[in-house]
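Here the structure comes first, spelled out in structure tokens, and everything after it is commentary.
Bear in mind the structure is a predicted one, so any value in this text is a computation, not a measurement. We count ligands from 1, going down the list as the structure has it; atoms in each ligand are counted the same way. Counting from 1, the numbers follow the sequence of the chain as shown.
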Amino acid sequence: MAGRICVLASGSGSLLQALIDSPLRASIIAVGADRPHVQALMRAESVGIDTFIVDPRGYADRHDWDEALAARLVALRPDLVVSAGFMRILGPRVVGTFRGRLINTHPALLPAFPGAHAVRDALSYGVTITGSTVHYIDEGVDTGPIIAQRAVEIVPGDDESSLHERIKIAERELLVSVVTELMSDRKEEGA
Ligand code: GRF
């Protein structure tokens, strides 16, 4: 599939792997992380995808980090930037530059349970259904326009880890289908 996708990830990168294992693989031009030695980078390197790191610890403040990440992304000329388990809030320069081409996957049914502890928060609230959301990124924390959602039932005996693993199965499928659709819409628009 034609097009240029850049993926941002911070952790184990199983969502990234789902993209790599799909026909979208050919469009993934780079994977970026906010720190070295994360498994997501290794997953990309092992299939020959370029990687980069923009580590906030290397910058004076959040503003400088935001500018550096934006510059890095601009240089890659992506059609779509996918935050797939990137555990940082993107700054105004990145969001402003890529608005409408910048999406995130979140392990809850937004607007319920935004933030970094969505799975734990859903469990402790006592909801019986949670899930995953793919949304455009805006300046807020998990507040951007929703693109697609998938529900996941909470079953008796679930703990944070078992529930998160089940949500991630839904997240992977949803992310691949949303990114596929966005990239093919782009193609139809003649971009
Ligand atoms: C996903 O649930 C994502 O929504 C959350 O962190 C998890 C990343 O999983 N922000 P992985 O690193 O891709 O396995």
Original post:
Is it the case that more than 12 heavy atoms not belonging to Ile49 sit under 6.0 Å from its CD1 atom?
Top reply: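 Yes, the 6.0 Å shell around CD1 holds more than 12 heavy atoms from other groups.
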Original post:
Is the count of non-hydrogen atoms from other residues, nucleotides or ligands lying under 6.0 Å from Arg93 atom CZ greater than 12?
Top reply: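 Counting other residues, nucleotides and ligands, CZ of Arg93 stays at 12 neighbours or fewer.
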Original post:
Taking non-hydrogen atoms only, is Gln39 closer than 4.0 angstrom to ligand 1 via side chain, backbone, both or neither?
Top reply: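 Contact part for Gln39 vs ligand 1: neither.
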**OP:** Among all protein heavy atoms, pick the one closest to atom 9 (O) of ligand 1 and tell me residue, atom and distance.
**Re:**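 That would be Lys168 NZ, 3.1 Å.
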Sub-4.0 Å atoms of ligand 1 with respect to non-hydrogen atoms of [X]:
| X | answer |
| --- | --- |
| Ser12 | 11 (P), 12 (O), 14 (O) |
| Thr105 | 4 (O) |
| Leu15 | 1 (C), 3 (C), 13 (O) |
| Gly13 | 11 (P), 12 (O), 13 (O), 14 (O) |
| Pro107 | 2 (O), 4 (O) |
| Met87 | 10 (N) |

Original post:
atom 4 (O) of ligand 1: which of Arg43, Glu165, His164, Glu171 has the nearest heavy atom?
Top reply: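 Nearest heavy atom to atom 4 (O) of ligand 1 lies in Glu171.
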Original post:
Charged N to carboxylate O under 4.0 angstrom, Asp79 versus Arg4?
Top reply: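 Salt bridge flag = no for Arg4 with Asp79.
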**OP:** State plainly whether the residues Glu171 and Arg166 are in salt-bridge range, i.e. N to O under 4.0 Å.
**Re:**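 Looking at Glu171 and Arg166, the cut-off is not met.
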Original post:
Can you find a pair of side-chain heavy atoms, one from Val127 and one from Phe113, that are under 4.5 Å apart?
Top reply: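 Sidechains of Phe113 and Val127: in contact.
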Original post:
Is there a side-chain contact between Ile53 and Asp34 (heavy atoms, below 4.5 Å)?
Top reply: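 They are not in contact (no side-chain heavy atoms under 4.5 Å apart), so the answer is no.
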Subject >> Side chain Thr105, main chain Ala84, donor-acceptor under 3.5 Å >> reply: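 Not a single qualifying donor-acceptor pair exists.
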**OP:** Taking atom types as modelled, find out whether Glu45 and Thr51 have a side-chain donor-acceptor pair closer than 3.5 angstrom.
**Re:**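 Result is yes, a qualifying pair exists.
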Subject >> N or O contact, Gly11 vs ligand 1, cut-off under 3.5 Å >> reply: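 Min N/O separation from ligand 1 is not below 3.5 Å for Gly11.
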Original post:
Considering distance alone, does some N or O of Gly85 sit under 3.5 Å from an N or O of ligand 1?
Top reply: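 Min N/O separation from ligand 1 is not below 3.5 Å for Gly85.
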